[in-house]
There are 2 protein chains.
Amino acid sequence: MQIATVTPLPGQSRYAALADALRARIVAGEWPPGSALAAEQSLAADYGVALGTMRRALDLLAELGLVERVHGRGTFVRLGLGGAPMLRFFRFGHHDGEVPASRILARDTRAAPEPVARALGLGPGEPVLRLERLRSLGAQPVLLEEIWLPLPLFAALAEGDPAGWDDLLYPMFAQRCGVHVARAIDEIGFCAAAAAQAAVLGLPAGHPCARVQRRAFDLGGRCVESRRSLGDAHAFHYTVAIT
Amino acid sequence: MQIATVTPLPGQSRYAALADALRARIVAGEWPPGSALAAEQSLAADYGVALGTMRRALDLLAELGLVERVHGRGTFVRLGLGGAPMLRFFRFGHHDGEVPASRILARDTRAAPEPVARALGLGPGEPVLRLERLRSLGAQPVLLEEIWLPLPLFAALAEGDPAGWDDLLYPMFAQRCGVHVARAIDEIGFCAAAAAQAAVLGLPAGHPCARVQRRAFDLGGRCVESRRSLGDAHAFHYTVAIT
DNA sequence: AAGTGGTCTAGACCACTCT
DNA sequence: GAGTGGTCTAGACCACTTG
C-alpha cells in the first residue's frame with residue numbers, strides 16, 4: 001500500500017531522492033541504531049517504486065555507512081563507530097588488538113575556545129565539556145587526549161565519578177547520552193611534545209609525537225566531538241591504499 | 001552474437017565471473033590503457049547475458065579502479081596513477097598544487113637486497129635498478145627518495161642522461177617502459193633522519209622525518225616499484241575519513 | 001542522428017536466517 | 001516454511017557526447 005512518495009530534485013535520480021527520504025526518517029529516530037528497517041519489498045510498495053529502485057537507494061545508504069545490509073536478516077541502522085578507531089594509527093609493541101585502559105586526568109566545563117567552537121559548529125562562548133584522558137597499555141602510557149564535547153548534549157558525563165567509565169568512549173556516548181558516532185574525520189600531523197604532555201606520556205620533553213585531530217559526527221551529520229590525541233611518533237604506523 | 005561464455009565458480013556470482021574475464025582481457029592488453037572497451041550492449045551480447053548483469057560486472061571493475069565509466073562516451077581502461085600521489089602526505093608552505101622539481105642523485109644496478117626482493121616479488125639476488133632522487137620546491141629540497149625497480153622491465157631507464165627525465169616518474173614509466181602503475185600501497189611511519197639524509201634535505205642530523213614506504217602495482221597486480229620517501233615530519237599532513 | 005552509459009520497471013528465482 | 005536480501009532477466013526510456 002503506497003503511503004508516501006518522493007519527487008526527485010531536478011537532475012537527481014529517484015533512488016537518490018529515496019535515499020534522502022529514508023535518511024531523514026533514520027535521523028528522526030524512526031528506526032533507532034541497531035534496529036532493522038522495513039523490508040525492501042515493503043518500502044518499495046510504500047513509495048510506489050520498483051524493487052530494484054528501492055534496492056539502489058538502500059545500497060547507497062549502505063555505501064554511506066548509514067545502514068548495514070545482512071543477507072537473509074534485513075537492513076539495519078548502524079550502531080556507529082565501535083572498537084578503538086584511534087588505534088588504527090599506532091602499533092604499540094606486542095599489545096596489538098588490545099584496548100588500552102583509560103584514565104580521566106581532568107574534567108571541567110568552560111566556554112568553548114574559538115577553534116573548538118568552530119570545529120563543533122557552536123556559537124562563540126557556548127558551554128562545552130573538556131576531558132583530559134590518558135590511555136595506557138599495561139603500565140605504559142601511550143596516548144594523551146584532550147576531548148571537547150558540546151554541553152547540553154553530554155551533560156550526563158559532567159557528573160558522576162569518571163573512574164567508573166568504560167575504556168571505550170563511543171559506546172558510552174551511546175548508552176549515557178544517546179549520541180551515536182557514525183563517522184569521523186582524522187587529521188594527522190606531527191609535533192614535538194610540550195614538557196607537560198611529555199611528562200604524562202613518560203617521554204622526554206620535545207620528543208617527536210604524532211598528533212591526530214579528530215572531528216566525530218552523528219547520524220545527522222552534526223559534529224559531536226572534537227579531539228586531539230598525542231602519541232609517540234615512533235609508534236605511529238598507518239597503511240593507505242592509493243588508487 | 002555470442003562469442004564467449006563464463007561459468008561462475010561455485011559460490012561466485014555471474015557478474016563477478018564476467019568481471020574476472022574482462023580483467024584478464026585488459027591485463028592481456030586487448031584494450032590498452034586509455035582506450036575504450038566494447039560497449040555494454042555488445043559485451044552483454046558477446047557473453048550471452050542480460051545487459052544489467054554486464055553492467056554490474058563493469059561497475060565492479062570501476063570500483064576496483066581498473067576502468068573508468070564516462071556517461072555518453074564509453075568505458076575506458078584507466079591510464080594509471082597520475083599527478084604526484086606522494087604529495088598527498090605533505091604540505092610544504094605555499095607551494096600547494098605545485099609539482100616539485102626532481103633531480104636524480106644516484107643511479108646504479110645491483111642485486112636486489114633481501115627486503116627489496118621480497119617487496120618486488122623477485123628471487124634473491126635478481127638485478128634491480130636503484131635510484132636516489134631529490135625533489136625540491138624552488139631552492140628548497142623537500143623529499144628524498146630511494147627507488148627500486150625490477151630490471152629487465154625498466155632497462156630503458158638504466159641508460160641515457162637522467163637530467164632529461166620528467167618531474168613525474170609514473171607517466172615516464174608508461175611512456176618509456178610500458179609500465180602503467182594502477183595501484184599503490186603506502187605505509188607511513190616516523191623516524192629520525194640519518195646524518196647523510198638530513199644533509200641532503202638541509203635538515204639537522206636526527207631531525208624527525210615522515211617516512212613513506214610505497215609498493216606500486218601494475219594492472220595485472222605485479223609489484224613494479226618499491227620506494228622509500230623521506231620528508232620533514234613537520235610538513236606531514238594527512239586527512240582520513242573513518243566510517 | 002547515432003551511439004554511449006544511466007535510470008527504472010516488473011517479475012522470476014536463488015541463498016541465507018530464523019522459528 | 002516464511003521472510004529476508006542477492007542475483008538475473010528483458011525491455012523501455014532518458015541523458016550525455018560526438019560527428
Side-chain angles (χ1 to χ4, degrees), chain A residues 1-2 4-22 25-26 31 34-79, chain B residues 1-2 4-23 25-26 31 34-78:
Chain A
M1 175 51 185
Q2 182 162 349
T5 174
V6 293
T7 56
L9 300 171
Q12 188 189 37
S13 56
R14 181 160 310 185
Y15 67 80
L18 284 167
D20 281 348
L22 294 173
R25 292 173 70 179
I26 292 172
W31 297 293
S35 69
L37 268 61
E40 302 177 335
Q41 290 277 7
S42 155
L43 286 172
D46 287 352
Y47 285 93
V49 300
L51 184 59
T53 305
M54 183 53 72
R55 279 188 57 75
R56 284 210 61 173
L58 291 168
D59 286 342
L60 220 179
L61 291 179
E63 265 179 47
L64 299 177
L66 216 61
V67 303
E68 197 166 353
R69 319 204 65 182
V70 185
H71 193 170
R73 303 220 307 128
T75 302
F76 299 83
V77 180
R78 285 203 32 195
L79 278 169
Chain B
M1 175 54 184
Q2 182 161 350
T5 175
V6 292
T7 57
L9 300 170
Q12 188 189 37
S13 56
R14 180 160 310 183
Y15 68 79
L18 284 167
D20 281 348
L22 293 173
R23 189 168 62 80
R25 293 173 70 178
I26 292 172
W31 296 293
S35 70
L37 268 61
E40 302 176 336
Q41 291 275 8
S42 155
L43 286 172
D46 288 352
Y47 285 93
V49 299
L51 184 59
T53 305
M54 181 53 73
R55 280 187 57 76
R56 285 211 59 173
L58 292 168
D59 286 342
L60 220 178
L61 291 179
E63 266 178 47
L64 298 177
L66 216 62
V67 303
E68 196 166 355
R69 318 203 67 181
V70 184
H71 193 168
R73 302 219 310 128
T75 302
F76 299 83
V77 180
R78 284 200 36 192

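On a predicted model such as this, the values are computed, not experimentally measured, just so you know. Residue numbers start from 1 in every chain, and the chains themselves are labelled A, B, ... in the order their sequence lines are given, proteins ahead of strands.
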Give, for atom OG1 of A:Thr75 and atom CE of A:Met54, the distance between the pair rounded to the nearest 0.5 Å.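 The OG1 atom of A:Thr75 sits 10.5 Å away from the CE atom of A:Met54.
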Phosphate OP1/OP2 of D:dT7 contacted by B:Tyr15 side-chain N/O (<4.0 Å):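 Yes, such a contact exists.
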I need the CG-P distance between A:Leu61 and D:dG5, as an integer number of Å.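 My rounded result for the distance is 13 Å.
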Under 4.0 Å, heavy atoms only, any strand: does B:Arg55 hit a base, just the sugar-phosphate, or nothing?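 Base contact.
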Going by heavy atoms in the side chains, are B:Leu22 and B:Val67 under 4.5 Å from each other?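 No, every pair of side-chain atoms sits at 4.5 Å or beyond.
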Tell me the interatomic distance from B:Phe76, atom CZ, to C:dG5, atom P, rounded to whole angstroms.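 Interatomic distance, CZ of B:Phe76 to P of C:dG5: 8 Å.
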How long is the line joining CE of B:Met54 and P of C:dG5, in whole Å?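 Result: 11 Å.
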Rounded to the nearest Å, what distance is computed from the CZ atom of residue A:Arg56 to the P atom of nucleotide D:dG5?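 Distance, rounded to whole Å: 18 Å.
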Rounded to whole Å, please give me the gap between CG in B:Leu60 and C1' in D:dG6.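 Taking atom C1' of D:dG6 as the reference, CG of B:Leu60 is at 14 Å.
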Which pairs would a plain distance check flag for residues 8-16 of chain B, meaning a side-chain donor or acceptor within less than 3.5 Å of a matching protein atom at least two apart in sequence or in another chain?
unit_1	atom_1	unit_2	atom_2	d
B:Gln12	OE1	B:Leu9	N	3.1
B:Gln12	NE2	B:Asp20	OD2	3.1
B:Ser13	OG	B:Ala16	N	3.4
B:Tyr15	OH	B:Arg56	NH2	3.1

A quick test of your reading: do over 12 heavy atoms of other residues, nucleotides or ligands sit less than 6.0 Å from CZ of B:Arg23?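 Open.
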Which nucleotide, D:dG5, D:dC8, C:dT17, lies nearest any side-chain atom of B:Ser13?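 The answer is D:dC8.
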For A:His71 and C:dA15, is the gap between ring centres under 5.5 Å while the planes differ by less than 30°?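 Whether judged by distance or by angle, A:His71 passes, so it stacks on the base of C:dA15.
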Which nucleotide, D:dT9, D:dG5, C:dC8, lies nearest any side-chain atom of B:Val49?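 The listed nucleotide nearest to B:Val49's side chain is D:dT9.
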For A:Leu51 and for B:Leu58, locate the closest nucleotide of DNA chain C by heavy-atom distance; then report the residue assigned to the nucleotide nearer the 5' terminus.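 Nearer the 5' end of the strand: B:Leu58.
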Any side-chain N or O of A:Arg73 below 4.0 angstrom from OP1/OP2 of C:dC18?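 Checking A:Arg73 against C:dC18: at least one side-chain N or O falls below 4.0 Å of OP1 or OP2.
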Check: A:Leu66 and A:Arg78 side chains under 4.5 Å, non-hydrogen atoms: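 Counting from C-beta outward, A:Arg78 and A:Leu66 never come under 4.5 Å.
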Are the charged groups of B:Arg69 and B:Glu40 less than 4.0 angstrom apart, N to O?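 Between B:Glu40 and B:Arg69 there is a salt bridge, with a charged N closer than 4.0 Å to a carboxylate O.
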Calculate the interatomic distance between B:Gln41 atom CD and D:dA10 atom P; express it in whole Å.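 Rounded to whole Å, this separation is 12 Å.
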d(CZ, A:Arg14; C1', C:dT9) in whole Å: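 Going from CZ in A:Arg14 over to C1' in C:dT9 covers 10 Å.
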Are B:Leu58 and B:Leu37 side-chain neighbours, meaning at least one heavy-atom pair lies under 4.5 Å?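 They are in side-chain contact.
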Are B:Arg69 and C:dG6 close enough that a side-chain N or O sits under 4.0 Å from OP1 or OP2?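 For C:dG6, OP1 or OP2 has a side-chain N or O of B:Arg69 closer than 4.0 Å.
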Five pairs at each end of the helix from C:dA1-D:dT18 to C:dC18-D:dG1: take the axis at both ends and give me the angle between them to 10°.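 The end axes of the helix from C:dA1-D:dT18 to C:dC18-D:dG1 are about 10° apart, to the nearest 10°.
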Would you mind telling me which of D:dG6, C:dG5, C:dT9 lies closest to the side-chain atoms of A:Thr53?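 It is C:dT9.
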Measure the distance from CG on B:Leu18 to P on D:dT7 and round it to the nearest whole Å.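 After rounding, the reported distance stands at 13 Å.
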